[in-house]
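Everything below concerns the one structure shown next.
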Amino acid sequence: MAPRRPKLAVFKFASCDGCQLTLLNCEDELLAIAGEVEIANFLEASRAVVKGPYDLALVEGSITTPEDAERIHKVRRMSRTLVTIGACATAGGIQGLRNFKDVHEFVSSVYATPEYISTLEASTPIAQHVRVDFELRGCPISRAQLLEVLGAFLRGRRPNIPTYSLCFECKRQGTVCVMVAHGTPCLGPVTQAGCGALCPSYHRGCYGCFGPMESPNTASLGARWEAMGAARPDLVRAFRTYNAAAIPFRAASEAYEQQEP
Amino acid sequence: MQPGDSVVIERVVLDALLAALRERGYETVGPTVREGAIVYDEIRATSDLPAGWTDEQEGGHYRLRRDDREALFGYAVGPHSWRRYLEPPSLVRWRGRRVDGGFEDDLTPGPPPRYAFVGVRPCELAALLVKDRILLGDPGADPDYRSRRESAFLVAVNCGSPAGTCFCVSMGTGPRFGPGFDLGLTELVDDARHDFVLQVGTARGAAVVEGLPHRPAEPADLTAAEAVLREAEGRMGRSLETEGLKERLERSYENPHWDEVAKRCLSCGNCTMVCPTCFCSTVEDSTDLPGTRAERRRIWDSCFSIEFSYVHGGSVRTSAGARYRQWITHKLATWHDQFGVSGCVGCGRCITWCPVGIDITAEARAIGGPAEAAGSRP
Ligand code: SF4
Ligand code: SF4
């Protein structure tokens, strides 16, 4: 008898769906995935839902509402392995910007009837609520890295997802450093590799979509940005994007905010 | 014609040289302008070379500049090194396919690429000889490197335009090349002429030159070439006192200056990735989704990643200071014990391409310099 295929479920919290879309975008590999796992719960692809428990849950999005703070525990209980995907799930996402301000002010200025809105003060990553088996970074995640994590899960091996800087990828590809050769501020040296150094290969500085690398020295990089002409508010904005609430980036943006002239 | 001979060729003959190398089955690789820098890539004709370009280099700073002498090799080294071709950044070492009851090899290695490197700088030639000790010697001989290296044809070019981060004179590796090249060029360019003095290094180099228009080198040509190099020697942007440096570094493992470097160092790994003598790689195994194929790749790694020093239970070098110390003491001290030569050839790449401009010569002075030695533990 053929072994039972592992059951895969995809869950969404506060997010834009871009990361689960990466799974759908695995066009060439999608058949292979469907051959290896039973896609039991993936609402973006099909309304047919097979009940849990699941062998592998991919969790997208951050926790921003009291309901979601409950629901994530249910997801955890019915998932043998839980992998968070994307900047929202691993760091709180762009909606983590609320963490720096009073969320009630946003609510009252955006919504006609603020009483209908029930939301939390902060947008938080999944790992702050439940145990997470593996975190896959990126805004959005990289297709190749997602396939690597799935392949590793299926074979019971450790995924090859490095945590060093983006610079490793630029240098291996032979991309010329935009900071050194063009004077373009870049977050690459403090950002985790994974995207294939997309922006520098188009002569842009890195925006930090994959979040802080393993030992980010934001103070040293920030000092270099300033020497290159960046102002403190530029630094606050640079560290405050998709991974604004990731602790090293948060600490950096707050430090530069306090130092603003 | 034989090794040791010198002739003069005109600038236009360089195209014939490239054509002759290509006719012999070499892929000609050399300097070319791309993305605002002089990088290495395939070159088919001298029109691909960085004619009239030079570079301005400082710690964490590189800019291309026009130079109206229209020299073809009027620049110093850029971000790439020949390592890219001799030890590719990502190389499949093994591939297997599942078959009934086991697996079979599924990698059919093609013939090794045959490169002709055009524009090998003296420091780079020295770096290749350092690499040969490591990757051709025992233990650790690398058959892939051997096949690429042995078939590579080297056209060296003496250096007339050192950069602000160069210190080959201190390391004894330039600006004039030592042995190891097939053909060696010195560019002579001014208002009156644009020629090359060409030194023949090997018999296969001689065979190529015999088919090219050339004339014997006159004493005046050799004097002109000598003058270019004399002048270059005096324009080194950096220097490094190597006398006693190894011993001073070996006494400085507990020097507080490592923590000071750690405040600036990003642990980004750029210095190691641009260094022509760095050779560290890691091995990554991967499988496809159905589990029918597996692959082993060798990819460039760096002592600046935490994983690099992972042994059972954790990483040995977790602080940035420990990682920087490992790098510089390996380059300048323990390399001598391991390979009988310095791990640094003074090319200056790690200084230029460090995003925050950390300077190996300045740090070596601060840490292993005579002034600091008193403050370090014996
Ligand atoms: S250590 Fe720096 S200067 Fe020395 S060979 Fe390497 S990159 Fe060049
Ligand atoms: S010395 Fe410079 S290039 Fe090397 S790891 Fe530190 S910051 Fe990066």
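Chain letters run A, B, ... following the sequence lines, proteins first and then strands; every chain starts at 1. Note that the structure is predicted; figures quoted are calculated from it, not measured.
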Minimum heavy-atom distance between [X] and [Y], given as atom pair plus value:
| X | Y | result |
| --- | --- | --- |
| R157(A) | D285(B) | NH1-O, 3.8 Å |
| K171(A) | R84(B) | O-NH2, 2.7 Å |
| S220(A) | V356(B) | OG-CG1, 3.6 Å |

Is a side-chain N or O of [X] found less than 3.5 angstrom from the main chain of [Y], in a donor-acceptor match?
| X | Y | result |
| --- | --- | --- |
| R172(A) | I299(B) | no |
| N160(A) | E284(B) | no |
| N217(A) | K263(B) | yes |
| R224(A) | G357(B) | no |
| H61(B) | A181(A) | no |

Side chain from CB out, backbone as N, CA, C, O: work out which of these in [X] comes under 4.5 Å of a heavy atom of chain A, or both, or neither.
| X | value |
| --- | --- |
| S90(B) | neither |
| R83(B) | neither |
| T352(B) | both |

(message) Quick check for you: among G188(A), P189(A), A32(A), which has the greatest number of heavy-atom pairs under 4.5 Å with chain B?
(response)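 Most heavy-atom pairs under 4.5 Å with chain B: P189(A).
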(message) Out of G151(A), C167(A), G35(A), return the one with the most heavy atom pairs under 4.5 angstrom to chain B.
(response)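 Highest number of heavy-atom pairs under 4.5 Å: C167(A).
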Could you tell me whether [X] atom [atom1] has more than 12 heavy atoms of other residues or ligands within 6.0 Å of it?
| X | atom1 | result |
| --- | --- | --- |
| R66(B) | CZ | yes |
| L107(B) | CG | yes |
| R296(B) | CZ | no |
| R5(A) | CZ | yes |

Interface moiety of [X] toward chain B, non-hydrogen atoms closer than 4.5 Å:
| X | answer |
| --- | --- |
| T163(A) | neither |
| H182(A) | both |
| L150(A) | both |
| Q173(A) | backbone |

(message) Just so I know, are the side chains of W353(B) and V176(A) near enough to count as touching, which here means a heavy-atom distance under 4.5 Å?
(response)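 W353(B) vs V176(A): side chains touch.
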(request) Please tell me if the side chains of E36(A) and P290(B) come closer than 4.5 Å, counting only heavy atoms from C-beta onward. (result)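 Sidechains of P290(B) and E36(A): in contact.
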Nearest 0.5 Å please: distance from the [atom1] atom of [X] over to the [atom2] atom of [Y].
| X | Y | atom1 | atom2 | answer |
| --- | --- | --- | --- | --- |
| M179(A) | C268(B) | CE | SG | 9.0 Å |
| Y164(A) | F308(B) | OH | CZ | 12.0 Å |
| S215(A) | L266(B) | OG | CG | 9.0 Å |
| L289(B) | F153(A) | CG | CZ | 12.0 Å |
| D288(B) | E148(A) | CG | CD | 11.0 Å |
| F304(B) | E214(A) | CZ | CD | 12.0 Å |

(message) Looking at chain A, which one of A320(B), P79(B), G291(B) has the largest number of heavy-atom pairs inside 4.5 Å, strictly under?
(response)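 Max contact count across the listed options: G291(B).
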(request) Identify whether the distance between the nearest side-chain nitrogen and carboxylate oxygen of R204(A) and E35(B) falls below 4.0 Å. (result)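 Answer for the salt bridge query: no.
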